[in-house]
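I have placed the structure first, in the form of structure tokens, so that the comments after it can refer back to it.
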Amino acid sequence: GENVEQHPSTLSVQEGDSAVIKCTYSDSASNYFPWYKQELGKGPQLIIDIRSNVGEKKDQRIAVTLNKTAKHFSLHITETQPEDSAVYFCAAVPNTGFQKLVFGTGTRLLVSP
Amino acid sequence: DTAVSQTPKYLVTQMGNDKSIKCEQNLGHDTMYWYKQDSKKFLKIMFSYNNKELIINETVPNRFSPKSPDKAHLNLHINSLELGDSAVYFCASSPRDSGGENIQYFGAGTRLSVL
């Protein structure tokens, strides 16, 4: 089945710096890749997603890139702010015919003022 | 306004007890899920229901029994609780699959502590 690896597990940056989180997936038939942000004491919340027919997608300070050949995708956050501090999860939808997300192991991002 | 609500938020109980967690969504979604998040924050799907029908069961011990009385509710009952069941359990829902997307909306979680 699908396996999603995520790196790094923790990431500390200064406010204003950029942050990059990387994921790889194993199922070449996966075609949808969302990113979720989980703040302390809350459930994960979708922040951006990308379909397999698109190489890059941007929404204000966040962007996601996808390399289908290499089977990896990345989250880019520019001009980080303290409120960006959270755990970020990448995910993939495997081609099983069922609606199912396989999550990466998470990245704890800490943005220091 | 709450889209996906879970109760209770915290649950502390003794080993061997039976407990239930309730979940309700008011988004009109067809599919609901239960996830378990362990102490290392790893999120793993347990069950998925579509219109009250079980469609995903990820090799969860049969002490865990989901029940969906209608498509807006998915409850989780756990029998004979064990120490290893301690975790945060999340309920989620998603609309009908639209071209391969699977946008899931999560509840705030239920922190279960088994003593």
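A note on names: the letters A, B, ... follow the listed sequences, proteins ahead of strands, and every chain is numbered from 1.
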More than 12 heavy atoms of other groups within 6.0 Å of B:Lys71 NZ: yes
A:Phe33 portion near chain B, given a 4.5 angstrom heavy-atom threshold: neither
Heavy-atom contact with chain A under 4.5 Å, split by part of B:Ile103: both
Value rounded to 0.5 Å, distance of CG in A:Leu46 from CZ in B:Phe106: 9.5 Å
Chain B contact via A:Pro44 - which portion, at a heavy-atom distance below 4.5 Å: both
Over all atoms of both residues, closest heavy-atom pair of A:Tyr36 and B:Gln104: OH-N, 2.9 Å
Closest non-hydrogen atom pair between A:Phe103 and B:Leu43, with its separation: CB-O, 4.0 Å
Enclosure of A:Glu83 CD (heavy-atom neighbours >12, cutoff 6.0 Å): yes
Contacting moiety of B:Lys44, where chain A heavy atoms sit under 4.5 Å: neither
Point-to-point distance, once rounded to the nearest 0.5 Å, from NZ of B:Lys41 to CZ of A:Arg108: 5.5 Å
Test item: A:Gln38 and B:Phe90 side chains (from C-beta on) under 4.5 Å apart, heavy atoms: yes
Residue pair A:Tyr32 / B:Asn102: nearest heavy atoms and the distance that separates them: CE2-N, 3.2 Å
Over 12 foreign heavy atoms within 6.0 Å of CG, B:Leu83: yes
